[in-house]
Amino acid sequence: MSGKCIETILNHRSVRKYKKTGIDEKDLQTILEAARRAPTGWGLGWINVIVVRDESLRKKIAELVGGQRHVEEAPVLLIFTIDYARMREILRKINVAPGKHNIGFLLAGLIDAGIVSAFTAIAAESLGYGICYIAVYSAACEIASLLNIPRGSLPVVGLTIGVPDEKPGLRPRPPLSVIADYDKYGVLEDKIDKTLASLREYMEKTWKLVLTENGVYENVGNTILECLREQGFDI
Ligand SMILES: Cc1cc2nc3c(=O)[nH]c(=O)nc-3n(C[C@H](O)[C@H](O)[C@H](O)COP(=O)(O)O)c2cc1C
């Protein structure tokens, strides 16, 4: 395997400690340009990126997402927002009635935000910066209000970027034979056995915290629904 891009991708690890040095302005523009060039459904491009450089704002966001210090300490935090307020207003201007922002809009926006943020993350890593995704969807409405994100738009994911001050090892993943199949979905029993054999020790605590009844995902599901409705989604 060769090539800078594949090398960057295969060496990815989340970085949660950053040097005080900021990000070179030209590099930041290149990173944002990568966000702009990312593909989006139908080429519609309704994703907005807010570059949060103000430390006091990052501090507040760090608290809102459960006291994550790296959010405060990273020189830059990017917030990726499904920007349907912009879409709605543009449609109004050209006399087109917007459809209900139902689950279809939500799914499309979430996938777009994932792709745009991934392009951005890889661009930043390829320039030598460290990144860490931040689950801002857990406090979407509070963050929307803090950053003046209009009703109709929804911040869903964040990315800290900075010069790394740590080099963690590569974190484990399931074997390729668990996540990649050819032509048809593989044997579920095999996938279960191989996943447990390779990840159980590393992941069991996380699985119990996140995936169970009353776990993180279920709780986010309960709060995000209210927030989605507050932000004007028809769900
Ligand atoms: C959508 C998404 C949300 C995440 N949210 C957080 C977060 O809020 N805080 C954090 O420290 N890491 C977060 N992460 C990073 C993951 O924990 C990390 O990618 C995973 O543990 C694997 O580690 P690695 O990135 O070093 O390979 C998030 C990752 C993704 C893709």
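Everything quoted here is computed from the prediction, not taken from an experiment. Every number for a ligand or one of its atoms is a count from 1 in the order of the listing.
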Novice: Are R92 and E89 ion-paired here, with the side-chain N under 4.0 Å from a carboxylate O?
Specialist: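 Judged by the 4.0 Å cut-off on N to carboxylate O distance, R92 and E89 do form a salt bridge.
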
Novice: Under a 4.0 angstrom heavy-atom cut-off, which atoms of ligand 1 come close to C132?
Specialist: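 Those qualifying, in numeric order: 10 (C), 11 (O), 12 (N).
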
Novice: Quick check: does R13 get an N/O under 3.5 Å from an N/O on ligand 1?
Specialist: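 No, since none of the N or O atoms of R13 sits under 3.5 Å from an N or O of ligand 1.
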
Novice: Heavy-atom distance to atom 18 (C) of ligand 1: which of A113, S14, S117 wins?
Specialist: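 Nearest option to atom 18 (C) of ligand 1, by heavy atoms: S14.
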
Novice: Would you mind listing which atoms of ligand 1 come within a distance below 4.0 Å of any non-hydrogen atom of H12?
Specialist: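 Listed by number with element: 24 (P), 25 (O), 27 (O).
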
Novice: Looking at every heavy atom in both I122 and T8, which two are closest together, and how far apart are they?
Specialist: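 Heavy atoms only, the tightest pair is O-CG2, 3.9 Å.
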
Novice: Find all atoms of ligand 1 within a distance of less than 4.0 Å from any non-hydrogen atom belonging to R173, and give their numbers and elements.
Specialist: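 Answer, ordered by atom number: 22 (C), 24 (P), 27 (O).
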
Novice: Considering distance alone, does some N or O of R171 sit under 3.5 Å from an N or O of ligand 1?
Specialist: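 Yes, since at least one N or O of R171 sits under 3.5 Å from an N or O of ligand 1.
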
Novice: I need the minimum non-hydrogen distance between L170 and R13, along with the two atoms involved.
Specialist: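 Heavy atoms of L170 and R13 come nearest at CD2-NH2, 3.1 Å.
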
Novice: Of the protein's non-hydrogen atoms, which lies at the shortest distance from atom 10 (C) of ligand 1, and what is that distance?
Specialist: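 Nearest protein contact, heavy atoms only, for atom 10 (C) of ligand 1 is Q68 OE1, 3.5 Å.
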
Novice: What I want to know is whether V157 and ligand 1 share at least one N or O pair that is separated by under 3.5 angstrom.
Specialist: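 Min N/O separation from ligand 1 is not below 3.5 Å for V157.
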
Novice: Would you name the heavy atoms of I149 and Q231 that are closest together and state the gap between them?
Specialist: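 For I149 and Q231, the tightest heavy-atom pair comes out as O-NE2, 4.3 Å.
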
Novice: So is V65 close enough to ligand 1, meaning a heavy atom under 4.0 angstrom away?
Specialist: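 V65: no contact with ligand 1 (<4.0 Å).
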
Novice: Check the angle between the aromatic planes of F233 and H101 and answer parallel, tilted or perpendicular using the 30° and 60° thresholds.
Specialist: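 Rings of F233 and H101: tilted, as their planes differ by 30° to 60°.
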
Novice: Taking all non-hydrogen atoms of both residues, which atom of G128 and which atom of P164 are closest, and how far apart?
Specialist: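 It is O-CD, 3.6 Å.
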
Novice: Mind checking the CG-SG spacing from L154 to C227? Nearest 0.5 Å is all I need.
Specialist: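 Rounded to the nearest 0.5 Å, the CG-SG separation comes to 5.5 Å.
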
Novice: Can you tell me which residue and heavy atom of the protein come closest to atom 5 (N) of ligand 1, and the distance to 0.1 Å?
Specialist: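 Checked against all protein heavy atoms, atom 5 (N) of ligand 1 sits closest to A135 N, 3.2 Å.
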
Novice: Starting from atom 28 (C) of ligand 1, what is the nearest protein heavy atom, named by residue and atom, and what distance separates them?
Specialist: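 Nearest neighbour among protein heavy atoms for atom 28 (C) of ligand 1, to 0.1 Å: Y133 CB, 3.4 Å.
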
Novice: For the pair E25 and R53, find out whether any cationic side-chain nitrogen is under 4.0 Å from an anionic carboxylate oxygen.
Specialist: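 Yes.
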
Novice: Nearest protein heavy atom to atom 12 (N) of ligand 1, by residue and atom, and its distance?
Specialist: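 Ranking protein heavy atoms by distance from atom 12 (N) of ligand 1, first comes R16 NH2, 3.1 Å.
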
